[in-house]
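What follows is a single structure, written as C-alpha cells, with notes after it.
In what follows, chains carry the letters A, B, and so on, assigned in the order in which the sequence lines appear, proteins first and then strands, with residues in each chain numbered from 1.
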Amino acid sequence: MFFLIKDEISKSLAHLTNLPKEEILKTLEPSKFCHLTSKIAFLMKGKPPENSQKLADSFPKHKYIKRAEAKGPYLNFFFSESFFSEFLSSPKISFPKTNHDVIVEYPSVNPNKPWHVGHLRNALLGDSVARILSFTGCSVLRMDYIDDLGLQVAQSIWGFENLPKNKPPKKFDHFLGEQYVQVSSKLEEIKEEVVSILHELESGTPKAKKWRKDIVEPCLKAQYQTSFSYNVYHDFLIFESDIMKEVFQKGIELIKSKKGIVFEKEGKNKDCWVVKLSEEFKGMKDADKILIRSNGTATYTGKDLIFQLWKFGEFQEFNYKEFLSQPDSTKAYMSSEKGEKKQAHGADIIINVIGREQEYPQLVIKKVFEKIGMKERAENYKHLSYAPARLPESSFSGRKGTWKGYTADELLEESYKREMQKIGEISNKKENAEKIALSAIRYSFLKIDADKIITFNWDEALALEGNSAPYILYTYVRAKKILEKIQPPELLEFSLNSEEENLLLHLLKFKEIIRKTSKDLRPNYLADFLYEAAVFFNKFYSTSRVIDNGELVPHRACIVKKYFEYCSLSLSLLGLSPPEEM
RNA sequence: GGGCCCGUAGCGCAGCCUGGAUAGCGCAGCAGCCUUCUAAGCUGACGGUCGAGGGUUCAAAUCCCUCCGGGCCCGCCA
C-alpha cells in the first residue's frame, strides 16, 4: 500500500516537473508533520518554497490524497480516508517465492562446552535472519558446523578419559565445559597425549568414532536443549570429520586446479599453494595467503574455502542421519558415514554468522572467490559479523572459564525466576512465564545493532518494562483480548484521530522494514519496528476505546486487527513467543 | 606498517548507508493518571557543545579529511 501511494504521487510529480520518477520517489519520506513529505523542491530550479507552493497548488486530485500542502520548502501530503480504508481491508501481507537458495550458518560452537551469552548472540542473529529470509520467499537451510576434529575437542576427550568423574553433572555440556577449563590449565604437561588424540580424530579411527558417539554427540544434544529453549533451530549439522572423509581430498585437488591459485617454487612460501592478494590488501607486509601447506595439507583458510565451495554446490552430497526432532516440528539432520542422501548444499547465497574478529579471514575467502573467477559467488558470500558480548571486566573465554555463571542456560533460568517473581508463583502461568522469559532475552539481544559490543548486564538483558519484549508482549495480549471479545465488523465511513493515524502510518512501513532487514541482515530494524508499533498501539489504546459504552467502533476494531496481524508476524520473525495472558 | 568497528542525555540505545523541518527512545530520578477493552500501561516536566577540529553544501549527528578515546584483526597455528 505504501509503495503504491508513493508511486502514484511520484507519477503525478514527474508529470508536473519533468524530473525522472525514480528521483522523485527517493525524495518521498514519512514525516511527523504530515503523512508523507517530499523534498522535491530542492531538486528544481528556483527558490524551494516557491517551487513547493506551485506544486501544491497544481497537484491533481487523487482518491488516495486528501490534500497536498507547501510548508516552506517541503511538499506535504495527507492521505484520504479511502486510502486508510483500503489499507485496513487489505489482505494479509506476504512475499512471493523467490528462486534463492540460502544457507545460513550459526552458531558453530565447539562441541565441548555450554553456550554462553556470546554464542547465544550468534545463534539468535542467525536464527532470526533465517526466519526473515524465509518469510521474504527464499528457501533457507539452517546449518551448524561442528568442529569435531579440533584441538578443543581433543582436549575435552583427554579430560573425559583421564580426569576423575566425580558427581554426575546436570547437563553434559556444562560438565565438559568445566573439565575443559581444568585440562586447559595443564595443557603443557599433556600436550603429547592430546596431539595423539588429534591424530586419531583426523584419521577417523574406531576410537574416534566412539568418541564422537560418547562425547561429541551427547554434548551437542545438550547444547541443542539450550538452543530449543531459545527457539533456535537447525536443519543440518555438518561435522568436520565427514567433510574430511567425503570432500577433503577432492577439495584440495580442486583448489590446485583453479586459475588464480599458484604454486610457489621459491621464497618463504616455497612449495605451498597460495592466493596472491597484495592488490586486494595494499600496504600489508605480506598479503599472500597460503591455502595448501608445503606438506600437502590445507590450512584453516584452505579448509574453510573447501567447505564454502561445498555449500555452493561443488562436490557430492553427504549421508545424513536424523539428529533430533525439534519443537518447531522440523527435524535436524547430521552428516554421517551411513544414512540417507539429502539435499543440504547447493546454495546460491551463503550467510555465515561469525564474530567480527574473523572479518579478515572471511574477507580472504570472498577475495579468493573473485580471484578464481567466481565473481557471483563472491558477491553472494556474506559474513554477518557481530561484535562480542562481554563482561565489564573481561571477555568470555572457554579456556579460562570466564563464562561460568553466564551460560545461556543460566541466563534463561534467571530470566524465568525474575518473571515468576513478578507474577507470583502460580503454577498455571508457568508456560506463559517461560515464553516471556525467553522472549525477554531474545529481544534484548536482537534489538542491539550487531556492530555494537554488548557489555552483559543482568538488568538490561532481563528488563520487564520499557523497551523490552514484555512491553511488546503485553501490548500484543491487549490487542488479542479485544479481538476475542468482538466479531469482525464491517468497515463503515470513519475519520481518524491522531493516535489512530500514527499507528496506521507506522504499520504501513512494515514491508519496507522487512526489505531493509533482509537486505542488510539486521534484525534490529525489525525489533525497532515492533517496539514502536507497540508504543503507537498503547497510545491508541489509552485514548481510543474500541468498545465504547458497549458499542463497537468498527474502524478501531479493524485497526486492532491490523496491528495484531503485524505484531504476531514480527514476533514470529524474531522468534519471540507470545503468551496467552500476562 | 596496513585494515575494520564503536564514540549521540547520568547509564543503555535508535537515527548515519540514501544530508533537509524543534536530534528520538528506554532505564534511573521528579510530578500526575486505575468505577469503563489488562497500570508489565499512559501523560507531563527534567536531562544533549551528537568524541574534538577542519572541509564540502543553501543545509551536516548524517558525506570527506585530520586527530583523540575504546575494541578488534593481519601465522605453513587453530
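- Among the protein residues, Y531(A) comes within range of the sugar-phosphate backbone only, with heavy atoms under 4.0 Å from sugar or phosphate atoms but none that close to a base.
- Annotation: rA14(B) and rU8(B) have their P atoms spaced 10 Å apart (nearest Å).
- Look at Y563(A) and you won't find any side-chain N or O under 4.0 angstrom from OP1 or OP2 of rC37(B).
- When the P atom is used for both rU62(B) and rU43(B), the distance is 31 Å, rounded to whole Å.
- Distances shorter than 4.0 Å separate some side-chain N or O of K485(A) from OP1 or OP2 on rU38(B).
- Within 3.5 Å, no donor on the side chain of N110(A) pairs with an acceptor on the base of rA78(B), nor the reverse.
- A gap of 16 Å separates the C1' atoms of rG51(B) and rC5(B), to the nearest Å.
- Across the P atoms, rA59(B) and rG55(B) are found 12 Å apart, a figure rounded to whole Å.
- When all heavy atoms of F77(A) and S38(A) are compared, the pair lying nearest together is CE1-CB, 4.3 Å.
- Rounded to the nearest Å, the gap between the C1' atom of rG12(B) and that of rG29(B) is 16 Å.
- Here, rA23(B) and rC50(B) have their P atoms 11 Å apart, quoted to the whole Å.
- Residues W403(A) and F396(A) keep their aromatic ring centres 6.0 Å or farther apart.
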